[in-house]
Amino acid sequence: MNFRSRLLLGVLPLVMSAPLMAAQPASPRVEIETTMGSIVVQLEPSRAPITVKNFLRYVNEGYYSGTIFHRVISGFMIQGGGFTEKMEQKPAHDPIPLEARGGLRNDRYTIAMARTSYPHSATSQFYINVNDNSFLNADEARDGQGYAVFGRVVKGTEVVDKISYVKTGMKRGMSDVPVQTVKILSARVVK
């Protein structure tokens with residue numbers, strides 16, 4: 001009996017099927033539940049493996065629950081995942097290397113990692129583009145580095161848009177902070 005016949009008859013050894021059942025989906029999805037609605041992002045580990053692993057680590061630890069979208073610029077992006085409602089920055093894990101050249105671009109409704117002026121400084125904060133922001137891509141960025149895109153919104157684009165239109169102002173020395181808090185209630189991997 002050849003391999004294909006054994007596969008069709010279901011007589012492959014259990015050792016062969018166990019790793020298949022434990023495998024992670026090729027493109028996991030994460031639901032980000034906010035006070036303005038739910039956003040589902042599909043991650044691309046084949047294009048940004050370190051970034052996806054980092055994001056999923058924070059998701060699985062429950063880190064994002066209770067954080068806020070602390071920087072919102074209409075027509076540009078919404079940024080969150082690092083500050084509490086009191087505008088206190090949460091402690092984060094060590095920064096990760098920049099993966100801005102994986103082939104994904106800062107197009108509308110993509111999710112990417114926020115960072116400082118140092119390229120390899122991304123930790124927990126992410127942003128969702130609300131416009132095509134090609135100037136954030138490595139090949140067009142002023143610093144020649146760009147920002148690492150690691151997925152795309154597949155459900156809840158209207159929520160992203162709604163968040164992008166909120167009124168903003170200054171709060172604790174930061175600009176572009178929503179006047180009415182937009183909180184992340186939870187973030188979890190979904191099937």
Side-chain angles (χ1 to χ4, degrees), residues 29-43 51 54-56 58-59 61-93 95 98 100 104-119 121-137 140-143 145-190:
R29 291 183 174 200
V30 170
E31 180 179 32
I32 303 166
E33 186 66 39
T34 79
T35 51
M36 294 186 80
S38 178
I39 302 164
V40 177
V41 293
Q42 182 169 312
L43 309 179
T51 308
N54 176 69
F55 183 72
L56 288 174
Y58 286 107
V59 167
E61 290 174 351
Y63 179 93
Y64 293 120
S65 298
T67 62
I68 61 170
F69 280 96
H70 65 275
R71 185 171 176 234
V72 172
I73 303 174
S74 184
F76 177 38
M77 60 88 218
I78 62 174
Q79 181 177 337
F83 285 87
T84 68
E85 286 184 79
K86 294 180 180 180
M87 292 301 292
E88 295 169 343
Q89 193 164 3
K90 288 183 73 169
H93 296 294
L98 179 65
L104 299 173
R105 306 199 41 90
N106 280 276
D107 294 334
R108 188 173 189 192
Y109 302 128
T110 56
I111 185 171
M113 292 306 293
R115 63 173 177 83
T116 67
S117 59
Y118 177 66
S121 59
T123 57
S124 66
Q125 293 183 39
F126 61 89
Y127 65 91
I128 299 173
N129 289 290
V130 296
N131 203 347
D132 290 343
N133 294 313
S134 63
F135 67 95
L136 297 176
N137 298 324
E140 293 185 39
R142 282 187 299 198
D143 67 358
Q145 300 297 317
Y147 292 77
V149 176
F150 62 98
R152 168 174 294 286
V153 175
V154 293
K155 184 178 177 190
T157 55
E158 70 285 353
V159 176
V160 173
D161 289 339
K162 191 167 32 170
I163 294 169
S164 77
Y165 297 133
V166 298
K167 185 177 179 183
T168 61
M170 292 287 292
K171 190 172 185 181
R172 295 197 66 170
M174 291 180 66
S175 59
D176 306 310
V177 179
V179 173
Q180 186 171 0
T181 301
V182 180
K183 190 173 181 180
I184 297 174
L185 303 172
S186 66
R188 64 186 181 88
V189 177
V190 293

Inter-residue atom distance [X].[atom1] - [Y].[atom2], 0.5 Å rounding:
{"X": "Ile39", "Y": "Ile32", "atom1": "CD1", "atom2": "CD1", "value": "5.5 Å"}
{"X": "Asp176", "Y": "Met170", "atom1": "CG", "atom2": "CE", "value": "9.0 Å"}
{"X": "His93", "Y": "Glu61", "atom1": "NE2", "atom2": "CD", "value": "3.5 Å"}
{"X": "Thr168", "Y": "Phe69", "atom1": "OG1", "atom2": "CZ", "value": "14.5 Å"}
{"X": "Ser65", "Y": "Ile184", "atom1": "OG", "atom2": "CD1", "value": "8.5 Å"}
{"X": "Gln89", "Y": "Thr67", "atom1": "CD", "atom2": "OG1", "value": "11.5 Å"}

Taking [Y]'s backbone N and O only, do any of them form a donor-acceptor pair with [X]'s side chain (distance below 3.5 Å, no angle check)?
{"X": "Thr35", "Y": "Lys183", "value": "yes"}
{"X": "Asn131", "Y": "Phe76", "value": "no"}
{"X": "Asn106", "Y": "Val149", "value": "no"}
{"X": "Lys162", "Y": "Met36", "value": "yes"}
{"X": "Ser124", "Y": "Gly81", "value": "yes"}
{"X": "Arg172", "Y": "Lys86", "value": "yes"}
{"X": "Asn54", "Y": "Thr123", "value": "yes"}
{"X": "Lys171", "Y": "Met87", "value": "no"}
{"X": "Arg188", "Y": "Gly62", "value": "no"}

For the student: nearest non-hydrogen atoms of [X] and [Y], plus distance:
{"X": "Arg115", "Y": "Ala122", "result": "CB-N, 4.0 Å"}
{"X": "Met113", "Y": "Thr51", "result": "CG-CG2, 3.2 Å"}
{"X": "Gln145", "Y": "Ala100", "result": "O-CB, 3.2 Å"}
{"X": "Ala187", "Y": "Val30", "result": "CB-CG1, 4.3 Å"}
{"X": "Asn129", "Y": "Asp107", "result": "CB-O, 3.3 Å"}
{"X": "Arg108", "Y": "Asp132", "result": "N-OD1, 2.8 Å"}

**Request:** State whether a side-chain donor-acceptor pair under 3.5 Å links Arg152 with Gln42.
**Result:**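 Result is no, nothing qualifies.
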
Could you tell me whether the side chains of Asp161 and Tyr109 share a donor-acceptor contact shorter than 3.5 Å?
->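 Note: Asp161 and Tyr109 side chains meet the donor-acceptor criterion.
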
* Asked: Take atom CD in Gln180; do more than 12 heavy atoms of anything else shown fall under 6.0 Å from it?
  ->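 Not more than 12 within 6.0 Å, no.
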
**OP:** Answer yes if the ring centres of Tyr147 and Phe126 are under 6.0 angstrom apart, and no otherwise.
**Re:**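 Ring-ring flag for Tyr147/Phe126: false, centres at least 6.0 Å apart.
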
Under a 4.5 Å cut-off applied to non-hydrogen side-chain atoms, are [X] and [Y] in contact?
{"X": "Phe55", "Y": "Ile111", "answer": "yes"}
{"X": "Val72", "Y": "Val182", "answer": "no"}
{"X": "Gln125", "Y": "Phe83", "answer": "yes"}
{"X": "Arg71", "Y": "Tyr127", "answer": "no"}
{"X": "Val41", "Y": "Val153", "answer": "yes"}
{"X": "Ile163", "Y": "Thr34", "answer": "yes"}

